[in-house]
Amino acid sequence: MSALPIDSARHSSSAPPVPLHAPGYRIQSRIVDFITAERTQLMNITERVNEIVRRSGITDGLVHLQSLHTTTGLAIGEWQDALLEDFKGFMASFVPREGGYKHNDPAYSDCERRNADSHLKGTIFGQTLLLQVRNAAVLLGTWQSLILAEFDGPRSRSVAVQVSGI
């Protein structure tokens, strides 16, 4: 018995693939700033990114998000209070603030922020996302949101957003 393809009309486009040099293919880039209020904070940035996608005029393509900081991260997750608290608790137990890190030790590092845990959390979380744009919006599942994670706040943070497509 052969496997059935996963693709369906709901998941595929009837339009042929567009080569990168095709007329109408555009790329728009923007830096978006956020101000955090806590050392560890999760921010729902879905609407802000969708606004950028809508204003780009691109209806089908890709959106690439990149944190411009080593102590922040980006993820897709469910925006639900209890789950967000669980996530923060998990990260705090997985990478404790005081862990005997060399980055925090003046004998090894010139960093005065003592934020090694923040760097490790940002790396574990990840600092880029690449998502589909369909019908001038980021393609997300019912419970999915775009999350910016701050691990060394409060600070001003920047995320690069690049929308490309037709």
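In this view, Glu112 satisfies the side-chain contact (heavy atoms from CB on, under 4.5 Å) rule with no residue, not counting sequence neighbours. Qualifying salt bridge (Lys or Arg N to Asp or Glu O under 4.0 Å) partners for Arg114, counting only residues two or more places apart in sequence or in other chains: Glu98. Looking at residues two or more places apart in sequence or on another chain, you find a side chain to side chain donor-acceptor pair (under 3.5 Å) between Asp152 and Arg113, Asn115, Arg155. With sequence neighbours excluded, the residues forming a side-chain contact (heavy atoms from CB on, under 4.5 Å) with Ile58 are Arg26, Ser56, Val163, listed by chain and number. Phe90 pairs by the ring pair (Phe, Tyr, Trp, His ring centres under 6.0 Å) definition with Phe94, not counting sequence neighbours. Listed by chain and number, the residues in a side-chain contact (heavy atoms from CB on, under 4.5 Å) with Ile31 are Asp33, Leu68, Ser158, Ala160 (sequence neighbours excluded). Residues that satisfy the side chain to side chain donor-acceptor pair (under 3.5 Å) test with Ser29, not counting sequence neighbours, are Gln162. Not counting sequence neighbours, the partners of Thr36 by the side chain to side chain donor-acceptor pair (under 3.5 Å) test are Glu150.
Between Ile45 and Ile147 the shortest heavy-atom distance is CG1-N, 4.5 Å. Closest of all the heavy-atom pairs between Ser67 and Leu74 is N-CD1, 3.5 Å. Closest heavy-atom contact between Leu42 and Trp79: O-CH2, 3.3 Å. The two atoms that bring Phe34 and Arg48 nearest to each other are CE2-NH1, 3.5 Å, heavy atoms only.
Atom CG of Leu83 is separated from atom CD of Glu78 by 6.0 Å, given to the nearest 0.5 angstrom. Note that NE2 of His64 and CD1 of Ile27 are 12.0 Å apart. Values are rounded to the nearest 0.5 Å. Interatomic distance, NZ of Lys102 versus SG of Cys111, reported as 16.0 Å (0.5 Å rounding).
Cluster annotation: Val32 and Ile76 are assigned to the same hydrophobic cluster (Ile/Leu/Val/Met/Phe/Trp/Tyr, side-chain heavy-atom contacts under 4.5 Å, transitive). There is no path of hydrophobic side-chain contacts, each under 4.5 Å, that joins Val161 to Ile166. Note: the hydrophobic cluster containing Leu148 does not contain Leu120 (ILVMFWY, side chain heavy atoms under 4.5 Å, direct or indirect links).
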Show every donor-acceptor pair shorter than 3.5 Å between a side-chain atom in residues 136-145 and any protein atom, with sequence neighbours excluded, or say none if there are none.
residue	atom	partner	partner atom	Å
Gln144	OE1	Gly141	N	2.6

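Looking at Glu38, its side chain never comes within 3.5 Å of a backbone N or O of Gln41 through a donor-acceptor pair. Of the possible polar contacts, none joining the Gln66 side chain to the Gln127 backbone as a donor-acceptor pair under 3.5 Å is found.
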**Request:** Show your reasoning for whether side chain to side chain donor-acceptor pair (under 3.5 Å) applies to Arg39 and Thr71.
**Result:** CA-CA 10 Å; Arg39 185 168 198 274; Thr71 56; over 6 Å; no
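Its side chain outside the 4.5 Å cluster rule for every partner, Ile35 clusters with none of the Ile, Leu, Val, Met, Phe, Trp and Tyr residues. Leu130 belongs to a hydrophobic cluster whose other members, connected by ILVMFWY side-chain contacts under 4.5 Å either directly or through intermediates, are Leu62.
Under 4.0 Å is where a charged nitrogen must lie from a carboxylate oxygen, and between Lys88 and Glu85 at least one such pair does.
The shortest distance between side-chain heavy atoms of Val49 and Leu131 does not fall below 4.5 Å.
Within the structure, every pair that satisfies the ring-ring contact (aromatic ring centres under 6.0 Å, His included) test and touches residues 113-137, not counting sequence neighbours, is listed here: Phe87-Phe125, His103-His119, Phe125-Phe151.
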